[in-house]
Amino acid sequence: MFSGPSPHLPLSASEGFSFADPYAIGLAFGGLVLFAAIWALSSQHERAFSPAAVYLVLGALASAGLHVLGVDLLDPIDDSKLIEHLTEFAVIIALFGAGIRLDRHLGWQRWKSTFLLIAVVMPLTIGAITLFASLAMGLSLGAAIILGAALAPTDPVLARDVKVGAPGEGDGPETNFALTSEAGLNDGLAFPFIFLGIFVAGEGGTGWLTDWLAADVLYAIAAGVVLGALGGRAIGASSDWLRNRGWLKPEFDSWLALGAVLAIYGITEIAGAYGFLAAFTGGLAFRRYEWDHEAHGRVHAGADLVEDITELGMILVLGSTVTLVGLGAPGIAGWLLVPLLLVLIRPLSVVLAFTGSSVSTRERGLIGWFGVRGIGSFYYAAVAINSGVLSTGEISTIYWTIIAVVGVSILVHGFTAGPALQNLDEETPGT
């Protein structure tokens, strides 16, 4: 006896009129998104916007469409583990890519701007956000530290318009080098502060302080840097050895970045150290193994492609979680943090850090302005959520405040990067 079409049949195989299948809508939207992404990437040098700004708008449209269809894509709390792993993957690819771009030789004077951004600007930013979140937003001290640590790093995924060029092209103006190297290092060096917030929120007292200093500061940082450097050099040497014997075809060099960063990151995490630091230092070491090898260009191209794909995917996914109800979670104080961080805290911290520096006044202003917030902040938020030490209210406030800050950052930095940087002196700094 005929009992109607199978529920497993595609829409086209269903009898009668049947419209607005969510799966078909998703496919159509995905195709349109890819066209928009290709256009945005192709036009980024001629238009006054970044591709991320386009992706954010598309994500917001997806959120509205999903809401109409009654579909929930991701829940910031229930799906925090998935968000953690998705953002983790996007960040480590960007970190390795940042490492292999940097041509500047190592040295205190050459990397002084980076040191100032890491050692002075980041702690000042974390401290200022922590103070504001504790006093004005009503967060506990531990939760406030977590929010400060999550929002302090310059994001390696979204800082596309202020990155240095490809390997061999030099590091360009000091602005580009400083922001690229900062983004490469501070995503890993924010980790101790995240764990500090987790300890304060979950343990109380100071009995944990020795463990935090020994394990989360000294060991995890040192081991992350060493394992990354050794891993990057070992992969550079082994790939060169294989290539010279005809066992690695040049057309597969573009996949080396993905394989290298996954191996380096995984081994470092197994060792209980900071994989983010290892991903960046691994890229640096890989670049320096054979400085002028033509393979570096192909490896860079592969890393760039994966970065483009993950940036598109992550902005769309995170943007599609946005709801009007969620945007009200930070409250007036949380939204006030957005201009305070972007216009006051970050720029003033840079001004203080670079007092007496040889970096020009204009470049200091640009470095202060272009502290792009992005994907890494969501990763840190997910780590804190999964630690289980925060209340539901604090989780909501932290996550949606990050949404607000990152969303505004993508738009204002995306639309100002081109005009602000186009007249910078393009002379390569001394290496």
Side-chain angles (χ1 to χ4, degrees), residues 91 112-137 139 141-159 162 175 178-198 200 216-217 221 274 276-277 280 330 333-355 357 359 363-381 383-384 397-399 401-410 412-413:
V91 171
K112 186 176 180 180
S113 296
T114 310
F115 177 81
L116 292 174
L117 289 169
I118 297 299
V120 182
V121 174
M122 187 170 72
L124 285 176
T125 303
I126 292 173
I129 295 173
T130 298
L131 184 63
F132 180 85
S134 180
L135 297 179
M137 297 176 63
L139 292 178
L141 179 59
I145 293 172
I146 289 170
L147 179 61
L151 287 175
T154 295
D155 190 72
V157 182
L158 299 180
V162 293
T175 298
L179 290 168
T180 301
S181 56
E182 178 198 16
L185 282 170
N186 66 6
D187 254 316
L189 293 174
F191 254 121
F193 296 98
I194 291 290
F195 289 132
L196 175 63
I198 291 173
V200 171
D216 299 319
V217 179
I221 290 176
Y274 293 140
F276 280 6
L277 273 179
F280 177 67
W335 278 97
L336 181 59
L337 178 61
V338 179
L340 280 176
L341 173 59
L342 302 184
V343 180
L344 189 63
I345 295 174
R346 163 77 181 192
L348 281 181
S349 297
V350 171
V351 169
L352 289 173
F354 282 75
T355 299
S357 168
V359 177
E363 289 201 294
R364 293 184 204 182
L366 292 173
I367 293 169
W369 172 241
F370 287 111
V372 183
R373 270 52 193 168
I375 304 301
S377 297
F378 291 100
Y379 172 77
Y380 286 126
V383 169
T397 299
I398 289 173
Y399 184 86
T401 300
I402 290 174
I403 281 277
V405 172
V406 172
V408 173
S409 177
I410 288 173
V412 300
H413 291 133

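Just so it is clear, the structure is predicted and the values come from calculations on it, not from any experiment.
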**Asked** Is it the case that E363 and T175 place a side-chain donor and acceptor less than 3.5 Å from each other?
**Response** yes
So CD1 of I129 and CG of L131: to nearest 0.5 Å the spacing works out to 11.0 Å
Between L341 and the options L336, V405, V408, the side-chain contact (heavy atoms from CB on, under 4.5 Å) test singles out V405
Using the side chain to side chain contact (heavy atoms under 4.5 Å, CB included) rule, take L117 and N186 through it: C-alpha gap first, then chi angles, then the decisive distance, then the call. CA-CA 9 Å; L117 289 169; N186 66 6; over 6 Å; no
Heavy atoms of I345 and A128 approach each other most closely as CG2-CB, 3.7 Å
Residues 115-135 vs side-chain hydrogen bond (donor to acceptor under 3.5 Å, both in side chains), sequence neighbours excluded, gives none
For A353 and V121, the nearest pair of non-hydrogen atoms, with its separation, is CB-CG2, 3.6 Å
Margin query: Taking A150's backbone N and O only, do any of them form a donor-acceptor pair with S377's side chain (distance below 3.5 Å, no angle check)?
Written below: yes
Yes or no on side chain to side chain contact (heavy atoms under 4.5 Å, CB included) for W369 and V343, after CA distance, side-chain angles and deciding distance? CA-CA 7 Å; W369 172 241; V343 180; 4.3 Å; yes
With sequence neighbours left out, the residues meeting ring pair (Phe, Tyr, Trp, His ring centres under 6.0 Å) with F193 are none
Smallest heavy-atom separation, A143 atom then I398 atom, equals O-CD1, 3.7 Å
Taken in chain and number order and not counting sequence neighbours, the residues that satisfy side chain to side chain donor-acceptor pair (under 3.5 Å) with S349 are none
Residues passing the ring pair (Phe, Tyr, Trp, His ring centres under 6.0 Å) test with F280, sequence neighbours excluded, are none
Are any side-chain N or O atoms of R373 and backbone N or O atoms of V406, one a donor and one an acceptor, separated by less than 3.5 Å? no
Rounded to the nearest 0.5 angstrom, the CG-CZ distance for L139 and F132 is 10.0 Å
Check your understanding: When you look at T154 and E182, which way does the side chain to side chain donor-acceptor pair (under 3.5 Å) test go after all the steps?
Key -> CA-CA 7 Å; T154 295; E182 178 198 16; 3.0 Å; yes
Review point. Does the pair L147 and L337 meet the rule for a side chain to side chain contact (heavy atoms under 4.5 Å, CB included), with working shown?
Key: CA-CA 11 Å; L147 179 61; L337 178 61; 4.1 Å; yes
Exercise. Any idea how Y379 and F276 line up, ring-wise: parallel (<30°), tilted (30 to 60°), or perpendicular (>60°)?
Worked result: tilted
Using the side chain to side chain contact (heavy atoms under 4.5 Å, CB included) rule, take R364 and S357 through it: C-alpha gap first, then chi angles, then the decisive distance, then the call.
-> CA-CA 9 Å; R364 293 184 204 182; S357 168; 4.2 Å; yes
task = Please examine the side chains of L185 and M122, heavy atoms only from C-beta on, and report whether any two atoms are closer than 4.5 Å.
result = no
Here the gap from T355 atom OG1 to L116 atom CG, rounded to the nearest 0.5 Å, amounts to 9.5 Å
Applying side chain to side chain contact (heavy atoms under 4.5 Å, CB included) to L344 and not counting sequence neighbours gives L340, L348
The reported gap from OG in S113 to CG in L179 (rounded to nearest 0.5 angstrom) is 9.5 Å
To the nearest 0.5 Å, atom CZ of F115 lies from atom OG of S181 at 13.0 Å
Exercise for the section: Evaluate the side-chain proximity of V359 to K112: yes if any heavy-atom separation is below 4.5 Å, no if none is. Expected result: no
Shortest non-hydrogen pair, G368 vs V350, comes out as CA-CG2, 3.6 Å
Residues at least two apart in sequence or cross-chain that pass ring pair (Phe, Tyr, Trp, His ring centres under 6.0 Å) with F354, listed by chain then number, are none
Note: A381 and I402 closest approach over all heavy atoms is CB-CD1, 3.6 Å
Exercise. Determine yes or no for a side-chain-to-main-chain donor-acceptor pair under 3.5 angstrom, with D216 supplying the side chain and F195 the backbone.
Key: no
T401 and P330 have their tightest heavy-atom pair at OG1-CB, 3.4 Å
